[in-house]
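Order of listing sets the numbers, starting from 1, for every ligand and every atom in it. Position 1 is the first residue of the sequence, and the numbers go up from there.
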Amino acid sequence: MKFNTKTIHGGQQHDPAYGAVMPPIYQTSTYAQTTPGGHKGFEYSRTHNPTRKALEDSFASIENGKFGLAFGSGLAAIDAVIKLLKPGDEVVSTNDLYGGTYRLFTSIFEGFGIKFRFIGMENADNVEDYITDNTKLIWVETPTNPMMNIIDIKGIAVIAKKRNVLLAVDNTFATPYLQRPLDLGADIVMHSATKYLGGHSDVVMGALVVKDQRLAERLYFIQNASGAVCGPQDSFLVLRGIKTLHIRMQRHCENGEAIAKYLKNHPKIEKVYWPGFEDHPNHKIAVAQMDGFGGMISFVPKGSDYDKAIGIVENLKIFTLAESLGGVESLAGHPASMTHASIPKEEREKTGVVDSLIRLSVGIEDVDDLIADLEQAIQ
Ligand SMILES: *Cc1c(COP(=O)(O)O)cnc(C)c1O
């Protein structure tokens, strides 16, 4: 089955009760048993729920994996991955990272004795220098947030295999429409399904997909034992979102490209970060591992400071000033004061997240309206 069919049919079957084409929202916590243990595969909804199961099978299908798991948020999904580890274990992580992931690693798990090394991974060969006998996991986010760096998943997967370390990739920005990390050698794919998979800014959810059965069993155990699952209504919404993922992503890419080029040619713009430009430092890897460049763009206005950047985002009318990304509507954000405020200023400026950086999540509106909106705000 090809991707554009998998988004609609992958892992799905009509509901066995009445043939409902969309899985019903099984709003139930428990399931009747005829005799103790005599049930139809569902006992309690933290463990299993039919609506969530339909979604988890869809996750597995679109990421070319075998096992999907849905969580109450993207961070809950990451939390489950780190719980594969124990005190003394080490993680080598991308340094240009979603702020909440950084906070979870440093403010929660470091306290439990897990060590995190945050490094630039633009050159995959560097990564091996940071792997020790205690390293159990490599955490990659690509494209990175918000600097749009590209990390060579295949190159890092070779190192991970050689050193017997798990490789997890946060695929939130790219989505499987553009990039399939399991095919490139990763062991775990993670999503904030809140973003493109849900796609309509109406739900918070996380996802994991793996191929290996033993790893899947351990993660299902953690999902049930820690209990950070999502509800059936949210499962339904994300399943519905995924059915249009491919056509939304196509338009996100088209609009993203037009806006990146508009900004790059603009006399008042200093710098534009978008992996589709030939002079992007890892453009070749982006071309090799992605099927397009998506709708995320960051830029720095010329001679700009904190106040000027805030002025631009406040003056936008169609772009909404908001956290998050990946919905049908265009959003603008100011990472230094919003998504990345939990990262210390020197740490974030090292990776390029300066006070004047603006991040756009380009939606699927008419691109002429979006460009006109940016033009009036920049002027
Ligand atoms: C939003 C986001 C997360 C966290 O997901 P939540 O659903 O907000 O918990 C993790 N990684 C990336 C890249 C994100 O954009």
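By the neighbour-count criterion of 12 heavy atoms within 6.0 Å, atom NE2 of H200 is densely surrounded, having more than that number from other residues, nucleotides or ligands.
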Under 3.5 Å donor-acceptor pairs involving side-chain atoms of residues 235-243, not counting sequence neighbours:
unit_1, atom_1, unit_2, atom_2, d
S235, OG, G231, O, 2.9
K243, NZ, I8, O, 2.9

Less than 3.5 Å apart, which donor and acceptor atoms pair up between the side chains of residues 369-379 and the rest of the protein, not counting sequence neighbours?
unit_1, atom_1, unit_2, atom_2, d
D373, OD1, K317, N, 2.8
D373, OD1, Q376, NE2, 2.8
D373, OD2, K317, N, 3.1
D373, OD2, I318, N, 2.7
D373, OD2, F319, N, 3.0
E375, OE1, Y262, OH, 2.6
E375, OE1, H266, NE2, 3.0
E375, OE2, Q379, NE2, 2.6
Q376, NE2, N315, O, 3.0
Q376, NE2, D373, O, 3.2
Q379, OE1, K268, NZ, 3.0

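With sequence neighbours left out, Y44 forms a ring pair (Phe, Tyr, Trp, His ring centres under 6.0 Å) with no residue at all.
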Close N/O pairs between ligand 1 and protein, under 3.5 Å:
unit_1, atom_1, unit_2, atom_2, d
ligand 1, 5 (O), S192, OG, 3.0
ligand 1, 7 (O), G74, N, 2.9
ligand 1, 7 (O), S192, OG, 2.8
ligand 1, 7 (O), T194, OG1, 2.7
ligand 1, 9 (O), G74, N, 3.0
ligand 1, 9 (O), L75, N, 2.9
ligand 1, 11 (N), D170, OD2, 2.7
ligand 1, 15 (O), K195, NZ, 2.7

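Aromatic ring centres of H48 and Y220 lie farther apart than the 6.0 Å criterion allows. Taking the six-membered ring wherever Trp is involved, the centroid distance between the rings of Y177 and Y196 does not fall below 6.0 Å.
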